[in-house]
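A short write-up of the structure that comes next.
Just follow the structure's listing: the first ligand is 1, and inside any ligand the first atom is 1.
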Amino acid sequence: MIKANNIHKNYGDLHVLKGVDLHIKQGEIVSIVGASGAGKTTLLQILGTLDRASEIKESDLIINESKINSLSQKNLSKFRNEQLGFIFQFHQLLPEFTALENVCIPAYIGKISKSKAEKRAKELLDFLGLSHRYDHKPSELSGGEQQRVAVARALINNPKVIFADEPSGNLDSEAAENLHKLFFKLRDEFGQTFVIVTHNRELADMADRKLTMVDGKIVN
Ligand SMILES: Nc1ncnc2c1ncn2[C@@H]1O[C@H](COP(=O)(O)OP(=O)(O)OP(=O)(O)O)[C@@H](O)[C@H]1O
Ligand SMILES: [Mg+2]
């Protein structure tokens, strides 16, 4: 599903990623752990096509058979919107829109009709225990509820891969545990692939595979 070979990233003189090789199978849940500053977010942003790796010979990123570096800007945006989902520590919901509207936005970007998008969004919100919160704005939801809305938004286009960066970083332990269980339920039900950066040891250990980053490299 994901094949990354020899990924490097430089910020000026700072060499942040120093040759990362990574192969992830469809339906696999992989966690990435490591000290602050090791390069985890940088790697996730590159795998998620939100940032580009430094151009180096023999460097390669293939996601679901697509060679990322050879896609045009326009095709890359389309690919990202259709095939990838993102969950961040700070959910970045749009404050002026309701829960239902926030979930629908990636579908609208993909030119899905309003009725289809809303039907799917409601299914997801129901699945996530939010059937009574469609019309609440983010400020009218608890932190855990907001996070679940963000998860529904990440799933609306049935992405092949979900990238999560500290997804439970600002949740209490019960909400965090529920979110973690949800990831596995989604994988079992929809076959999605997850790449999760986390400092949460329990979540990291639940994964099918735990990768450790040290100073810009994966060490295991
Ligand atoms: N845009 C940037 N310009 C310059 N340096 C950057 C930039 N983004 C990140 N860095 C540096 O790259 C290094 C890796 O950052 P990154 O965010 O990937 O770390 P991380 O492993 O996610 O850490 P944390 O666990 O604290 O989130 C850090 O030393 C950071 O200061
Ligand atoms: Mg980070």
Polar side-chain atom of K40 near backbone of A35 as donor-acceptor pair, under 3.5 Å: yes
Given 3.5 Å as the limit, does a donor-acceptor pair link the side chain of N81 with the main chain of P106, or not?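 Looks like yes, one N/O pair under 3.5 Å.
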What residue and atom, counting heavy atoms only, is the protein's closest point to [atom], and at what distance?
atom: atom 12 (O) of ligand 1; value: V16 CG2, 3.3 Å
atom: atom 27 (O) of ligand 1; value: T41 OG1, 3.9 Å
atom: atom 16 (P) of ligand 1; value: T42 OG1, 3.5 Å
atom: atom 25 (O) of ligand 1; value: K40 NZ, 2.7 Å
atom: atom 7 (C) of ligand 1; value: Y11 CE1, 3.3 Å

Answer yes or no for [X]: is there a heavy-atom contact with ligand 1 below 4.0 Å?
X: G216; value: no
X: A38; value: yes
X: E166; value: no

Using a 4.0 Å cutoff against the non-hydrogen atoms of A35, which atoms of ligand 1 qualify?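 Those qualifying, in numeric order: 21 (O).
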Numbering the atoms of ligand 1 from 1, which are under 4.0 Å from a heavy atom of H199? 25 (O)
Distance from E101 atom CD to Y134 atom OH, nearest 0.5 Å?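 Going from the CD atom of E101 to the OH atom of Y134 covers 14.0 Å.
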What's the spacing between R80 CZ and I109 CD1 if we round to 0.5 Å?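 It is 10.5 Å, given to the nearest 0.5 Å.
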With atom 29 (O) of ligand 1 as the reference point, say which of G34, S36, G37 has the nearest heavy atom.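 Among G34, S36, G37, the closest heavy atom to atom 29 (O) of ligand 1 belongs to G37.
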What do you think, any protein heavy atom under 4.0 angstrom from atom 3 (N) of ligand 1? yes
Should L14 be counted as touching ligand 1, given the test is an N or O pair under 3.5 Å?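 No, since none of the N or O atoms of L14 sits under 3.5 Å from an N or O of ligand 1.
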Do R187 and D208 meet the salt-bridge criterion of a basic N to acidic O distance under 4.0 Å? yes
Would you say T41 reaches the Mg ion (ligand 2) with an N/O/S atom under 2.8 Å? yes
Do N157 and R120 meet the criterion of a side-chain donor-acceptor pair at a distance under 3.5 Å? no
Check the surroundings of atom CD in E96: do more than 12 heavy atoms from other residues, nucleotides or ligands lie under 6.0 Å from it?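 Yes - once you tally the heavy atoms of other residues, nucleotides and ligands closer than 6.0 Å, there are more than 12.
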Just checking K217: does its NZ atom have more than 12 heavy atoms from other residues, nucleotides or ligands closer to it than 6.0 angstrom?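 No - once you tally the heavy atoms of other residues, nucleotides and ligands closer than 6.0 Å, there are 12 at most.
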Are side-chain heavy atoms of C104 and E118 found at a separation under 4.5 Å?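 Result yes, sub-4.5 Å side-chain heavy-atom pair found.
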